[in-house]
Amino acid sequence: MTQAVRSIGDRIRSGERSFSFEFFPPKDEAGETQLWNAIRELESYGPTFVSVTYGAGGSTRDRTVDITRRIVEETSLLPMAHLTCVGHTKDELDEILTAYAGAGVTNVLALRGDPKEGPRAAWTPTEGGFQHAVELVQLVSSRGQFSVGVAAFPEGHPSAASLDHDAEVLVEKARAGAEFAVTQMFFDAKDYFALVERVRAHGVDMPILPGIMPILNLSAIAKQGELIGTSVPPHVVATFDGLEEPAEIRANGIRLATELCRDLLAGGAPGLHFYTLNRSRATREIFEALEL
């Protein structure tokens, strides 16, 4: 780790466009190899940061800590570790933060997290834990060691009463110490810019990074979207009509993601956050098409 600036919040606020990649802890040795191949291939792009997810119900706690530690020790990348309220007491969350700090990880994405049954399942807080993500933001921020990021939802969180209420929750997290937000995947730039406007209407200028997921398999993306509250607009679905060959479908997905990225950057988005699924090829193709 050689970066002079170790705070993601500071990097984004510097005014330079932020480009970042997200990975998840693998389940087996083959997945481990795939993950590190992707990390090495994308390292040369000099991203602002990379993030490592935290499994449902805290199921990948140790692997998330280990991966972020290795990124600190073995690469030039700045890692951000995800942390969720699910399945943890406040004391346990404090212990995990201590483990992150000990591993040299100084950036955390603070999330409520999804129940093991899925994002639309009823939420029941862990006894001795937190009810809302804002409480975790307050805990992480209070330690003074971390740059804190949070999640944002262009189409609203599945449990939100309304889009306005969803924006108010994001505003509350910003006022609790969150320095930036990363959105869930979405496929229409208008949804992102509408979210930004709702937050700005509250006088909050926290940077909101749009999350990018290229559609390489339409049915899989649509199914995932139903769970997390993200829709694939009809005009996007229509572009896949008549495409049968996997290569054609993939090329169309890359083209759509590239167009979305162009629209976002042209409209003033502070950067792009790519959901890589532990593969680098699609992200590299989008970068080349954008001529970044």
Side-chain angles (χ1 to χ4, degrees), residues 20-43 45 47 49-75 77-89 92-93 95-97 99-100 102-105 107-121 123-124 126 129 133 136 149 151 158 182 184-185 211-230 246 250 253 273-285:
S20 50
F21 309 127
E22 184 160 303
F23 306 104
F24 64 85
K27 296 180 179 180
D28 52 33
E29 187 173 338
E32 186 89 9
T33 299
Q34 178 178 294
L35 166 66
W36 285 98
N37 284 342
I39 289 174
R40 295 299 184 186
E41 289 166 353
L42 291 170
E43 183 177 8
Y45 287 82
F49 67 94
V50 296
S51 68
V52 183
T53 66
Y54 203 80
S59 58
T60 62
R61 164 182 169 171
D62 293 339
R63 278 175 286 162
T64 299
V65 174
D66 288 343
I67 292 168
T68 50
R69 178 187 291 113
R70 281 192 62 185
I71 291 174
V72 170
E73 295 175 349
E74 301 177 20
T75 78
L77 300 169
L78 180 64
M80 174 176 69
H82 292 207
L83 182 59
T84 72
C85 301
V86 182
H88 295 308
T89 65
E92 288 171 338
L93 291 166
E95 290 174 4
I96 297 167
L97 289 169
Y100 280 148
V105 178
N107 299 275
V108 170
L109 193 74
L111 310 162
R112 189 202 72 176
D114 297 326
K116 290 184 178 180
E117 298 78 15
R120 291 189 178 275
W123 167 253
T124 302
T126 300
L136 180 56
V182 180
Q184 184 59 267
M185 68 176 185
I212 307 300
M213 175 82 84
I215 301 175
L216 307 181
N217 182 317
L218 182 58
S219 61
I221 287 289
K223 183 176 181 180
Q224 182 180 358
E226 289 178 6
L227 290 174
I228 63 177
T230 296
R250 187 181 188 284
H273 182 76
F274 292 91
Y275 295 105
T276 71
L277 299 181
N278 290 4
R279 293 177 171 83
S280 69
R281 181 183 167 194
T283 301
R284 288 187 285 114
E285 289 176 358

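These numbers come from the heavy atoms of this one structure, side chains and all, not from hydrogens, waters or symmetry mates. Just so we're clear, the structure is a prediction, and the values are computed from it rather than from any experiment.
The side chain to side chain contact (heavy atoms under 4.5 Å, CB included) search around A133 returns R112, K173, not counting sequence neighbours.
Between H273 and F49, the ring planes are parallel. Angles under 30° get that label, and only those over 60° would be called perpendicular.
Checked by atom type and distance alone, the side chain of T126 pairs as donor or acceptor with a backbone atom of G87 at under 3.5 Å. Remark: side-chain polar atoms of T230 are paired, donor with acceptor, to backbone N or O of M185 under 3.5 angstrom. Side-chain N or O atoms of T89 include none that pairs as donor or acceptor with a backbone N or O of G129 at under 3.5 Å.
Only one option out of L35, T53, T276, V52 pairs with F24 in a side chain to side chain contact (heavy atoms under 4.5 Å, CB included); it is T53. Residue S280 is tested with E285, E41, E43 for a side-chain hydrogen bond (donor to acceptor under 3.5 Å, both in side chains); the sole match is E41.
Within the 4.5 Å cutoff, no side-chain heavy atoms of L136 are placed close to those of L111. At a threshold of 4.5 Å between non-hydrogen side-chain atoms, the residues V50 and I39 do not count as touching. In this structure, the side chains of Y275 and V182 come closer than 4.5 Å at one or more pairs of heavy atoms. You'll find the side chain of T64 stays beyond 4.5 Å of the side chain of H82, heavy atoms only.
Between T68 and A81 the shortest heavy-atom distance is CG2-CB, 3.7 Å.
Look at R40 and E74 and you find a salt bridge, because one of the NZ, NE, NH1 or NH2 atoms lies within 4.0 Å of a carboxylate O, short of that distance. Using a 4.0 Å cut-off between charged side-chain N and carboxylate O, D66 and R69 make a salt bridge.
The side chain to side chain donor-acceptor pair (under 3.5 Å) contacts involving residues 25-36 comprise E32-W36, where partners must be two or more places apart or lie in separate chains.
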